[in-house]
Amino acid sequence: MGGSIHDKKQQIDYLRNRLSLLITSLESMDPEDVEAAEMKRFIDMLEQVEMKATTFKKEWERG
């Protein structure tokens, strides 16, 4: 992706976009056909968003 995001608005926009992508991904899953590998990719994406949110939070705490 691009460079570091330091502006709070851009950080929130980034998280919104990533969560929107996750929701779209989840909505496209057919419960009858979803496989473990697909669910693993979804969990990996969730963890990436969590890590990024934690990074942003730490930046905010540092001021």
Side-chain angles (χ1 to χ4, degrees):
M1 254 176 154
S4 296
I5 303 170
H6 297 289
D7 176 77
K8 282 186 178 182
K9 183 191 178 320
Q10 289 177 332
Q11 292 171 337
I12 294 298
D13 287 345
Y14 173 88
L15 293 173
R16 283 182 183 140
N17 290 336
R18 294 295 295 183
L19 289 171
S20 178
L21 180 63
L22 278 168
I23 290 168
T24 299
S25 174
L26 186 61
E27 288 174 341
S28 73
M29 291 181 190
D30 182 347
E32 300 296 323
D33 296 328
V34 71
E35 296 183 11
E38 189 174 2
M39 190 56 65
K40 170 74 170 107
R41 282 190 299 275
F42 181 77
I43 291 168
D44 290 345
M45 290 171 63
L46 275 172
E47 289 172 347
Q48 291 169 5
V49 171
E50 179 184 18
M51 286 188 296
K52 190 58 95 168
T54 299
T55 298
F56 293 159
K57 178 183 167 280
K58 288 177 183 176
E59 287 180 16
W60 298 354
E61 290 172 344
R62 284 191 299 255

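Residue numbers count from 1 along this sequence. We use all heavy atoms of the structure for the numbers below, so side chains are in, but hydrogens, waters and symmetry mates are not.
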Requested in this report: Sequence neighbours left out, what pairs pass side chain to side chain donor-acceptor pair (under 3.5 Å) with at least one residue falling in residues 21-31?
Outcome: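 Qualifying pairs, neighbours excluded: none.
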
Query raised in the report: Quick one: side chain to side chain donor-acceptor pair (under 3.5 Å) pairs with a partner in residues 52-63, sequence neighbours left out?
Result: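 Found Gln11-Glu59, Gln11-Trp60, Lys57-Glu61.
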
Query - Closest non-hydrogen atom pair between Ile5 and Phe56, with its separation - result: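 Looking at all heavy atoms of both residues, the closest pair is O-CE2, 4.1 Å.
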
Query raised in the report: Where is the tightest heavy-atom contact between Lys9 and Asp13, given as atom of each residue plus distance?
Result: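 Smallest heavy-atom distance, with atoms named: NZ-OD2, 2.6 Å.
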
Would you list the atom pairs, donor with acceptor, under 3.5 Å between side chains in residues 37-51 and any protein atom, with sequence neighbours excluded?
from, atom 1, to, atom 2, distance (Å)
Lys40, NZ, Asp44, OD1, 2.6
Lys40, NZ, Asp44, OD2, 3.3
Gln48, OE1, Arg18, NH2, 3.4

Requested in this report: Can you measure from CG (Asn17) to CG (Leu21) and round to the nearest 0.5 angstrom?
Outcome: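 Result: 9.0 Å between the selected atoms.
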
